[in-house]
Amino acid sequence: MPPFGSGLLVLTAPLGALPRRAAAALAAAAGVVAGPLYVHLQPGLRLSAPAPRPAAPPACPALLRALAALYAAAAAQRGLDLRVLLGPGRRLARPPCVLLAAAAEAPGPPGPVQLGLQHLAAAAYGCPPRLPALLLGGPGEDPEEGAGEDPEEDGGDPGAALPGFSDVVVGGTFDRLHGAHRLLLSACCLLARRRLLAGVADGDLLRHKVLMELIEPYELRAAKLREFLEDVKPSLRYDIVPLVDPYGPSVTDPDLQCLVVSEETRRGGEAVNKKRLENGLPELALYEILLMKDPDHSQNEEEKISSSSLRQRLLGTLLRPPRQDPALPSRPYVIGLTGGTGSGKTSIAKLLGHLGAFLIDADKLGHTVYVPGGPAYEQVVAAFGAEILNEDGTINRKVLGAKVFGNQEQLKSLTDIVWPEMARMVKEQIREADAQGKAVCVLDAAVLLEAGWQDMVHEVWTAIIPEEEAVKRIMARDGLSEEAARSRLQSQMTNSQRVEQSQVVLCTLWEPDVTRKQVEKAWDLLQQRLGRECSL
């Protein structure tokens, strides 16, 4: 683990040189700082000067290219929270614990470059005057390289400047702020002179997003967005509002002058301008930012850096800590696997069984409790009458299901009888797994959360699938109409409700091989967790 929780990296090379130097600089800094890593750009600054004066980098195309290179390089350092500062003026939200510059470290007491780093950080961001100051890089690197050079010689263009607008607007989901978000927002900050209005998608706008159940709550996304913006350029006013339709205030606010878009959202920008004209407002200037390519995307992920790809990478990982219940035996370690109808839960259970887990099929246990002589048979017949019986005396579960479907009182009467008996049988199966020496036991139970059985498991794993795909699967599997399939889904707990109570989430939307890799990742990470627990 890097020794410092946050840091400030000062880069003084010409802007045109940064694209080819960004990767090495951030790789070195990532080894020292866990995040966030702030970057102060000041081309030509001599840190060894007696009192280096902080200044904002020039708002020009070369700066945008440098920002794109830095945020792309940060994407290669998984988890690095990079914030390139576009103007000094306030204490940073997560004050740096260490100061860094790209140079070789000299032995002995702090030299003029380290002292310059401390002076600059104190003057620009109110940092304590004696923060540790480290020089990164290999032998022969010069911390003053680029100071006083002509930026044109290194790809810069001092004559070019970005356009300026009093009020700028941008919109997006802004889920788990990634490099492409940060570049887009930084461009907004460079273009705006007074105010940035940021619309954050919420409500129905999220319904068709990939893995929408894993999107962070609006309040959290808005808070992270504000923190980033106020760190990057504190001189602007930031209005952050929820977007519940594609337009929001962009079509009603008369003060707005510019809308920042990407290649794929330009058509949306043109639609905004059409609406503004209908509302008697002038068109907005559309400023387009190029998409950032994701060199590490997998076969089912987008080629660009995107929130949906980041959410896909969360599948199979631990989203929240396992339950800590002293009353729960540590062995076997019990995974509660749940999911709605059509979610692919059963296929996931089979994969876990192949990996070595002891499987408990709650649905099979449910059938057992209903058979004549079974633990719930007499109580169910007494509660629901002989009309639920077949001629041979067995319970007709379809008839019973019709009696309780849509009737909460009747349904509760049934589950109050059946679920405790099923729970007792599950516990017997867990004891059997222990007797067989199994380290991991998987309880495959669609009603795990509804029945309150999470008290019997260490972790809840949930299989999810978009509603439209689930409807198609139910119709194909059970021969139901679309209306009947939707009705069945709507009678169950939603994906979002399950995810809120889960440690691990899996999704079977893609090819079987993608599901298999998710399950293997989840299993490998589980083995690591169990290994750490055993070593404590």
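Between the R498 side chain and the I464 main chain, no donor and acceptor come within less than 3.5 Å of each other.
Annotation: Q436, atom CD; neighbour count of heavy atoms from other residues, nucleotides and ligands within 6.0 Å is above 12. The neighbour count for K472 NZ, taken as heavy atoms of other residues, nucleotides or ligands under 6.0 Å away, does not exceed 12. Taking a 6.0 Å sphere around CD of E409, one finds it holds 12 or fewer heavy atoms contributed by other residues, nucleotides or ligands.
R397 and H367 are linked by a side-chain donor-acceptor pair at a separation below 3.5 angstrom, with hydrogens and angles left out of the test. Residues S306 and S308 have side chains that bring a donor and an acceptor to within less than 3.5 angstrom of each other. Residues R473 and T508 have side chains that bring a donor and an acceptor to within less than 3.5 angstrom of each other. A donor-acceptor contact closer than 3.5 angstrom links the side chains of T394 and D392. No donor-acceptor contact under 3.5 angstrom links the side chains of Q490 and S487, judged on distance only. For the residue pair S262/E288, the side-chain donor-acceptor check at 3.5 Å is not satisfied.
The closest side-chain heavy-atom distance from V380 to L414 is below 4.5 Å. Q312 is not listed as a side-chain neighbour of Q518, based on a closest heavy-atom distance of 4.5 Å or more.
Under the 6.0 Å distance and 45° angle rule, K403 does not count as a cation-pi partner of F384.
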Q) R488 and D478: salt bridge (charged side-chain N to carboxylate O under 4.0 Å, His left out), yes or no, with the steps? A) CA-CA 11 Å; R488 182 180 292 184; D478 300 336; 2.6 Å; yes
Q: With salt bridge (charged side-chain N to carboxylate O under 4.0 Å, His left out) as the test, would you mind laying out the steps for E421 and R424 before giving the verdict?
A: CA-CA 5 Å; E421 295 298 337; R424 182 183 58 77; 3.2 Å; yes
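Salt-bridge annotation for R221 and E216: absent, with no side-chain N of the basic residue lying under 4.0 Å from a carboxylate O of the acidic one. A salt bridge links D81 with R182: at least one charged nitrogen is closer than 4.0 Å to a carboxylate oxygen.
The aromatic rings of W419 and W453 stand perpendicular to each other, their planes meeting at an angle above 60°, with 30° marking the opposite boundary.
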